[in-house]
Amino acid sequence: MAGSALRRLMAEYKQLTLNPPEGIIAGPINEENFFEWEALITGPEGTCFEGGVFPAKLTFPPDYPLSPPKMQFTCEMFHPNIYADGKVCISILHAPGDDPMGYESSAERWSPVQSVEKILLSVVSMLAEPNDESGANVDAAKMWRENREEFNKIAERIVRRTLGIPT
Amino acid sequence: MRILGISFISIALTTIVIANAYYQKKQFYPSVVYITKSNPSMAVIYCQAFICVFLTGKLMRKIFFGELRTSEFEHLMERSWYAITETCLAFTVFRDDFNPKFVALFTLLLFLKSFHWLAEDRVDFMERSPIIGWLFHVRVLSLLLVLGALDFHFVQHAYHSTVTKGASVQLVFGFEYAILMTMAVNIAIKYSLYSVDLHSETPWENKAVFLLYTELIMGFIKVILYLTFVVIMVRVYTLPLFAFRPMYYTIRNFKKAFNDVRLSRRAIHNMNTLYPDATAEELSAGDNVCIICREEMSTGCKKLPCNHIFHTACLRSWFQRQQTCPTCRLNILGPNVHIENRHQRPANPIPPQPPNAFQFPGPNAFMAPNIFNNLFNPNMRNAQQQNPLLNGAVNNNGNNNVQPPPAGAATTNVPPPPPFQVPPFPFMNPFMTPPPIPPQNLSTLTREQLQQLEGTERQNVEARIQWLRNIQVRIFVIVR
């Protein structure tokens, strides 16, 4: 029998391939290593990220699902809750105890109940509704609050870039 | 490609240096002396030696590991830099013994160290990959054998040299190889645990526990080794600065392992004493997938006070991190629970209790006797009125005594159905006499409390039987 983390990841992968949620594709980059996944997320409709296809990398810890995975977009992103290097900052990716922004209640933190699918769905809703209180990217948060038009323009440029359309 | 170029240049340079020396001196011995006396030639020879070591390393890596994964490579680089810095620090302590042989020994040590790290990473990888072929096992086993034998040889060599020739730099080597040997043993134990788990059909629940204890014992041995080394070094030479960083990490890891073992023990203890096993009905009642591992639950499951069910093993590893329910985040451990347990709880776990067992049946069920009482015998009514008082006493009593143990649920935040409601006592209403409430769990009461309860209970039962007999008599009389 393989390790419990590996078995759970395989179960989640199976689940995701059998019943894929809309607008999300995810799976291991390499079948030999189930602890590194790649995900493709389509920008939610009716938002400034609509139409974009955003690649991201998920890195799972050896003790998954007791500890949360890390998620990092591998394309350029401009969003209040995504660091400049693409790392995603949402509360369900933080283990209770560590609190980078100092405001999250433990009720919305990581627990084994969460899954890859839930993380990706949360990220989709995060793309639709940024939380500008926890600025991982302060410039983006400020622009989102004060100059929405400019923000939308940048988002549109990023969307075009992910699709390979010249801007 | 670059490496090929560099090694080619180096070989060319070495050839030139040797050819030049031989051309000038014409004989073997003078040319060797010439090379060793000339600094630029020696530099070239050192470079060549370094490249040879590097190439051998690459070859060995190919043989024992195949392709390195990115994370392994990064890990190796990171650790190498620290190790090289520390080796340079160690040179300063032994600057008097500094000679090519000494450098060669340190290089060999670094070389072997890097293979230990790689082996460690590779064995950890077993947990992560679904595909482990026979080649993997052959490689790991042969590598572990080679490393273990070399470590053992060097430790022995260092020991003999220290005993026969007195303290020298061999002290450092002996100690370093001893540390490496503990590492090799640790890797071997991990490897065997993983392989046993890999070949068993069912998940091996105790693997985590074994791993924890291995970590603890190995950490302890390493801490002892480091401490003795520092003491010896301080007495013989000087403060071994180069050993402080690894020593700090070792002590930190040991502390972590110790904490892990402690938390794990507590989790296991809680599992065994606080939470009931889930019954077959409870498992089949709902969705019986364990939310932690996403696998079906059939046996070995526990139910938390919030009614969520998980595999015992999954829950145990989660409780090492946090003492909350994974689903609803109910805090499982109230501070009072442990004290109560020690005093009152017997060894066996609490039998599972359906949360609704103590809800009150409607008053109707007990109205009939009252009606009869009122109809037939005013005296009976007195008895009846006395009874609620008795019942009340029992209930209050029961509450006071029983509250603490289920406090496992009660002191924690919000168990959805409060397991022990104080029922409203309708003393005023003669038609609604609730039956005495059984205390939630008799096994948690002391002997005196039990006797007290039993005493009043018996009176109740006797009184009720008496009424029933009276009623029977009256009905009998009327019918006749």
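Below, chains carry the letters A, B, ... as their sequence lines are ordered, and counting in each starts from 1.
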(request) May I ask you to check whether over 12 heavy atoms, not counting those of B:Phe136, lie within 6.0 Å of atom CZ? (result) yes
(request) Return yes if some donor-acceptor pair links the side-chain N/O of A:Arg8 with the main-chain N/O of B:Ile292 below 3.5 Å, else return no. (result) yes
(request) Would you indicate whether A:Phe78, at its atom CZ, is surrounded by more than 12 heavy atoms from other residues, nucleotides or ligands within a distance under 6.0 Å? (result) yes
(request) Looking only at non-hydrogen atoms, find the nearest pair between B:Thr327 and A:Val113 and report the distance. (result) CA-CG2, 3.5 Å
(request) Using non-hydrogen atoms and a 4.5 Å limit, figure out which bit of A:Tyr64 sits close to chain B: side chain, backbone, both or neither. (result) neither
(request) State whether the side chain of B:Arg329 and the backbone N or O of A:Arg109 hold a donor-acceptor pair below 3.5 Å, judged by distance alone. (result) yes
(message) Please give me the minimum heavy-atom distance between A:Pro112 and B:Pro326, naming the atom from each residue.
(response) CD-CB, 4.0 Å
(message) For a 4.5 angstrom cut-off between non-hydrogen side-chain atoms, does A:Ser115 reach B:Arg294?
(response) yes
(message) Using 0.5 Å steps for rounding, measure from the CG atom of A:Leu66 to the CZ atom of B:Phe319.
(response) 11.5 Å
(request) Report the distance from atom CD of B:Glu127 to atom CZ of A:Phe35, rounding to the nearest 0.5 Å. (result) 7.0 Å
(message) If I measure from the heavy atoms of chain B, does A:Ala11 come under 4.5 Å with its side chain, its backbone, both, or neither?
(response) side chain
(message) How close do B:Arg128 and A:Pro61 get, counting heavy atoms only, and between which atoms?
(response) NH2-C, 4.3 Å
